Amino acid sequence: MPAARESLLDAAYAALARRPWSAVRMVDVAAAAGVSRQTLYNEFGSKDGLARALVRREADGYLAGVDRALTGHSDLPDRLTATAEWITSAARENALVRAMLTGCWSERLPSPALSAVSSTSAVPAQRRADGPLPSPGDFVALVRDRAVTVLAGPGTPKSDTADLARSCELAVRLALSCVAAPPGEGGVADLVRSILQREAG
């Protein structure tokens, strides 16, 4: 029932754009997705289960965007700049992504516990959503490690990998600072490029 699950998550996300999570009703989410309320409960178990699944989906979408940014260019500065730009744009456009990256959950948003919850779901995707959710620090490490994997070619010396990991983490943390305090003219791209030039020099 993956199509129904995605429709329900889309409906929950759309409802969240219009009202606080506390005012989102399961019956309305089911109706907007064109399925029964029982189907919604079969998929997610509860409103908290729906919240966890929604956060997990947005986290996965954010990381997929990171992967696209890392592979969409040919050289290291362009890849890290594109990744930093993706981080800031994803956080600007998606309140759930911004909350996940910063740890600042407003009362409008669901704020599921990051630790795993007991799951009796028969739905594999829900069992995954009921597992631990990434913290802001986890996202930094995930993006840094993905960047290092993509950017370090086979046989890269360990010392070069350590330097690369530091540059990647600096770019990620700089992008996150731009989420909290948006930069002026030139944006995050100019900031990342200047940091990378200093690192290389």
Side-chain angles (χ1 to χ4, degrees), residues 9 12-24 48 51-73 76-115 129 131-151 162-201:
L9 290 170
Y13 186 84
L16 183 59
R18 293 188 304 272
R19 62 184 68 92
W21 184 250
S22 60
V24 172
D48 185 57
R52 291 185 72 80
L54 185 58
V55 169
R56 171 58 68 187
R57 182 182 78 163
E58 298 309 304
D60 290 345
Y62 165 75
L63 291 171
V66 166
D67 291 340
R68 286 190 301 274
L70 285 167
T71 57
H73 298 275
L76 183 139
D78 287 345
R79 287 177 175 191
L80 288 181
T81 299
T83 302
E85 289 177 320
W86 165 252
I87 291 168
T88 56
S89 70
R92 184 174 50 250
E93 295 167 9
N94 187 321
L96 283 173
V97 169
R98 185 171 45 257
M100 286 184 280
L101 296 181
T102 63
C104 298
W105 295 85
S106 77
E107 67 276 354
R108 286 193 53 82
L109 300 175
S111 55
L114 296 181
S115 57
L133 296 170
S135 69
D138 294 334
F139 277 112
V140 170
L142 286 165
V143 175
R144 178 201 61 219
D145 294 347
R146 284 168 186 245
V148 169
T149 299
V150 169
L151 300 172
D163 290 342
L164 179 60
R166 188 179 71 188
S167 294
C168 293
E169 185 161 338
L170 279 171
V172 172
R173 289 187 180 279
L174 183 59
L176 290 174
S177 75
C178 292
V179 169
E185 191 175 329
V188 69
D190 284 352
L191 294 172
V192 169
R193 286 187 187 284
S194 67
I195 288 290
L196 293 176
Q197 285 170 353
R198 282 190 203 145
E199 285 287 295

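All values reported here derive from a predicted model rather than from experimental measurement.
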Can you give me the closest heavy-atom contact between [X] and [Y], atom names plus distance?
X: Leu101; Y: Ala91; value: CD1-CB, 4.2 Å
X: Glu58; Y: Val97; value: O-CG2, 4.1 Å
X: Arg52; Y: Ala129; value: NE-O, 3.1 Å
X: Cys178; Y: Thr88; value: CB-CG2, 3.8 Å
X: Pro110; Y: Leu16; value: CD-CD2, 3.9 Å
X: Ala84; Y: Ala171; value: CB-O, 4.2 Å

Indicate yes or no for a side-chain donor-acceptor contact from [X] to the backbone of [Y] under 3.5 Å, with no hydrogens or angles considered.
X: Arg98; Y: Glu93; value: no
X: Arg166; Y: Ala162; value: no
X: Thr81; Y: Asp78; value: no
X: Arg144; Y: Ala165; value: no

Could you check if a side-chain atom of Val188 sits within less than 4.5 angstrom of a side-chain atom of Ile87, using non-hydrogen atoms only?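 Sidechains of Ile87 and Val188: no contact.
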Given side chains that start at C-beta, do those of Val66 and Leu142 come closer than 4.5 Å, heavy atoms only? no
Inter-residue atom distance [X].[atom1] - [Y].[atom2], 0.5 Å rounding:
X: Leu170; Y: Leu80; atom1: CG; atom2: CG; value: 10.0 Å
X: Leu174; Y: Arg193; atom1: CG; atom2: CZ; value: 13.0 Å
X: Arg146; Y: Leu63; atom1: CZ; atom2: CG; value: 4.5 Å
X: Asn94; Y: Met100; atom1: CG; atom2: CE; value: 6.5 Å
X: Leu151; Y: Ser167; atom1: CG; atom2: OG; value: 9.5 Å

Decide yes or no on side chain to side chain contact (heavy atoms under 4.5 Å, CB included) for Leu109 and Trp21, but give the supporting numbers first. CA-CA 5 Å; Leu109 300 175; Trp21 184 250; 5.7 Å; no
Should the pair Tyr62 and Trp86 be assigned to parallel (<30°), tilted (30 to 60°) or perpendicular (>60°) ring geometry? parallel
Within a radius of less than 6.0 Å around CZ of Arg173, do more than 12 heavy atoms belonging to other residues, nucleotides or ligands occur?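 No, because the 6.0 Å sphere around CZ of Arg173 holds 12 heavy atoms or fewer from other groups.
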Consider only side-chain N and O atoms of Ser135 and Asp138, and report whether a donor and an acceptor are under 3.5 Å apart.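 Distance-only check passes for Ser135 and Asp138.
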Pick out which of Thr83, Val148, Leu176 makes a side chain to side chain contact (heavy atoms under 4.5 Å, CB included) with Val143.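 For Val143, the side chain to side chain contact (heavy atoms under 4.5 Å, CB included) test succeeds with only one of Thr83, Val148, Leu176, which is Thr83.
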